[in-house]
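Heads up: the structure comes next, in structure tokens.
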Amino acid sequence: MPDNASQREEHWRRTRQLMIIHLLIWFVFAYLIHWFAPTLNQTSFMHFPLGFYMAAQGSLVVFVVQLFIFIRQQHAIDVQCGMAEDE
């Protein structure tokens with residue numbers, strides 16, 4: 001663990017920024033996509049209306065992929081700021 005307060009502040013600043021970005025992405029796929037589903041249904045994807053596809057499959061896929069991306073990005077921040085746990 002670093003003793004340097006500036007390293008801890010930098011770690012928290014970068015972690016907070018990453019968290020906000022991922023929460024915004026989550027919000028878009030959890031609420032906005034479904035909110036505009038009737039409009040999206042005018043377009044089809046794999047012979048399904050796009051709004052239906054995003055509600056049934058697309059958002060779930062995005063959430064799982066986002067989780068793995070977040071973990072990798074957070075680990076990189078931890079390593080760069082000297083906060084990574086021993087593996």
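Just so it is clear, the model here is predicted, and its values are computed rather than measured.
By the rule that hydrophobic residues join a cluster once side-chain heavy atoms approach within less than 4.5 Å of another member, Met46 and Val62 end up as members of one cluster. Ile21 is connected to Val28 through a chain of hydrophobic side-chain contacts under 4.5 Å among Ile, Leu, Val, Met, Phe, Trp and Tyr, so both are in one cluster. One hydrophobic cluster holds both Leu32 and Leu50 under the rule that ILVMFWY side chains link at heavy-atom gaps under 4.5 Å. Placement of Ile69 and Phe63 in two distinct hydrophobic clusters is found when ILVMFWY residues are connected by side-chain heavy-atom separations under 4.5 Å, directly or transitively. If you chain together hydrophobic residues whose side chains sit under 4.5 Å apart, Leu60 and Leu23 never meet in one group.
Taken to the nearest 0.5 Å, the CG atom of Asn4 stands 9.0 Å off from the CD atom of Glu9. Rounded to the nearest 0.5 angstrom, Asp78 CG and Gln73 CD are separated by 12.0 Å. Atom OG1 of Thr15 is separated from atom CD of Gln74 by 4.0 Å, given to the nearest 0.5 angstrom.
A 4.5 Å side-chain heavy-atom check between Gln7 and Met83 finds every atom pair outside the cut-off. Using a 4.5 Å heavy-atom cutoff, the side chains of Leu40 and Ile33 are in contact. The side-chain heavy atoms of Arg13 and Gln17, taken from C-beta on, include a pair separated by under 4.5 Å. Using a 4.5 Å heavy-atom threshold, the side chains of Arg16 and Trp12 count as touching.
Within a 6.0 Å radius of CD in Gln66, more than 12 heavy atoms belonging to other residues, nucleotides or ligands are found.
Between the Asn41 side chain and the Phe52 main chain, a donor and an acceptor come within less than 3.5 Å of each other.
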**Item:** Full working for side chain to side chain contact (heavy atoms under 4.5 Å, CB included) between Gln80 and Glu10
**Value:** CA-CA 10 Å; Gln80 292 167 357; Glu10 176 67 12; over 6 Å; no

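Among all heavy-atom pairs drawn from Ser59 and Phe29, the shortest one is OG-O, 2.9 Å.
Judged as a ring-ring contact (aromatic ring centres under 6.0 Å, His included), and not counting sequence neighbours, the contacts of Phe27 are Tyr31. Every residue two or more places apart in sequence or in another chain that forms a ring-ring contact (aromatic ring centres under 6.0 Å, His included) with His22 is listed here: Phe70.
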